[in-house]
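Proteins get letters first, then strands, A, B, ... in listed order; numbering begins at 1 in each. Keep in mind that this is a model prediction, so the values were computed, not measured. Side chains included, hydrogens not; waters and symmetry mates left out as well; all remaining heavy atoms used.
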Amino acid sequence: MPEILEVEDARALIAAEGLGREIASTFTPDTWYLKRGLTPRAARSALVGRRFAAARRRGKLILVDTEGADGPGPVLGLHLGMSGRVVIDGDEAGDPLIYASNRDVPEWRRFGVRFVDGGALYVRDPRRLGAVELEPDEDRLGPDAFELTLRHLRSVTSRSNAPIKAVLMNQARIAGLGNLLVDEALWQAGIDPARRSDSLSAEDQARLHRAIRKTLRTLQRRGGSHTGDMPRVAAVPCPRDGALLQRRTVAGRTTFSCPQHQT
DNA sequence: GATGACCTGTGA
DNA sequence: TCACAGGTCATC
């Protein structure tokens, strides 16, 4: 469930149901899923006997603080990739993924912990593009999209000649915006995704900033990244002006936009 | 920067 | 069978 809204739902689920429960064992059937040197043995050593103390998030990276009798433990980092979901005691957060399977096939459980109380938390990820790591480096990510200021947006957009869509999706610049949210925000702001980032006027930047904030708020309320107003369908009328929406590749991703009002 | 690679499931 | 999928990472 990638993109910041779904990741935030997953974080909230962990915060609501996963904290304070002693970990009895770890479940690491897919060692390929463990990244940055993490091993099943290291995961067990880091987690068993400890509890999750807090669930934080930066962009699409979930950070779970741990604590034990001896004080703070390591930080667990969870990436959900394109198709990952967090499941706790059988509950999962967020809306169903549109293009991914939502069935709970046991083989898709890539990582998990069992609690002493008998419950469990695990990550289900059919495509295996997610990742689990310890002590993730948060500083490789820019400020979280929910905290995006106009000042920061001006700074990152004016310093790149890449397509504006590429800049917005660059997690080192702004953390959390993905393919759907960016297309929706650019459609709201009336800016062509392929336009050079440094060609945005001060007014464009301000409009884009408002559009990003509005898109995050609105789609979060509606329940997911795919609930935008712009249909992700080629050659259907733009809800704003009736021009036929176009589909193309920008910044390496499938991109929908209105050739009429996005300039 | 754009491109391909990573991996697997779904739906036409 | 093929194209496609809400993400990242290495490589030219």
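- Contacts with DNA chain C (heavy atom under 4.0 Å) in residues 181-193 of chain A: none are found.
- Side-chain atoms of A:Ser158 and A:Arg154 include no donor-acceptor pair closer than 3.5 Å.
- The gap from the P atom of B:dT10 to that of C:dT8 amounts to 22 Å, rounded to the nearest Å.
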Considering only nitrogen or oxygen atoms on both sides, find all protein atoms under 3.5 Å from nucleotides 7-11 of chain C and state each distance.
from, atom 1, to, atom 2, distance (Å)
C:dG7, OP1, A:Lys60, NZ, 2.9
C:dG7, OP2, A:Asn179, N, 3.4
C:dG7, OP2, A:Arg253, NH1, 2.9
C:dG7, OP2, A:Arg253, NH2, 2.8
C:dT8, OP2, A:Lys60, NZ, 2.6

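- Whole-Å rounding puts the A:Asn170 CG to B:dG1 P distance at 10 Å.
- Atoms CZ and CG, from A:Arg85 and A:Leu13 in turn, are 10.0 Å apart once rounded to the nearest 0.5 Å.
- Rounded to an integer number of Å, the gap from A:Glu107 CD to B:dT8 C1' is 13 Å.
- Screening A:Gln262, A:Arg207, A:His261 against A:Ile191 for a side chain to side chain contact (heavy atoms under 4.5 Å, CB included) leaves a single residue, A:Arg207.
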Mind running side chain to side chain contact (heavy atoms under 4.5 Å, CB included) on A:Leu80 and A:Val123 for me, showing each step along the way?
CA-CA 8 Å; A:Leu80 299 178; A:Val123 177; 4.2 Å; yes
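- A:Arg159 and A:Ser155 share a side-chain donor-acceptor pair at under 3.5 Å.
- In this structure, A:Lys214 places its NZ atom where only 12 or fewer heavy-atom neighbours from other residues, nucleotides or ligands lie under 6.0 Å away.
- Using a 4.0 Å cut-off between a side-chain N of Lys or Arg and a carboxylate O of Asp or Glu, A:Arg140 and A:Glu133 qualify as a salt bridge.
- Between B:dG9 and C:dC9, the distance separating the two P atoms is 23 Å to the nearest Å.
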Taking it one step at a time, do A:Ile212 and A:Leu181 satisfy side chain to side chain contact (heavy atoms under 4.5 Å, CB included)?
CA-CA 8 Å; A:Ile212 290 170; A:Leu181 290 173; over 6 Å; no
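- A:Arg21 and A:Asp89 are joined by a salt bridge, as a carboxylate oxygen and a charged side-chain nitrogen come within less than 4.0 angstrom of each other.
- Put simply, CD1 on A:Ile164 is 13 Å from P on B:dA2, counting in whole angstrom units.
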A correct dot-bracket answer for DNA chain B, with pairs being Watson-Crick or G-U at under 3.5 Å, [ ] for crossing pairs and | for inter-strand pairs, is ||||||.|||||
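- The side-chain tip of A:Arg232 does not point at the ring of A:Phe256 from less than 6.0 angstrom away and within 45° of straight on.
- Side chains of A:Thr157 and A:Gln205: a donor on one and an acceptor on the other come within 3.5 Å.
- At the phosphate of B:dC6, neither OP1 nor OP2 sits under 4.0 Å from any side-chain N or O atom of A:Trp32.
- Among the atoms of the strands shown, only primed sugar atoms or phosphate atoms (P, OP1, OP2) are found under 4.0 Å from some heavy atom of A:Arg247.
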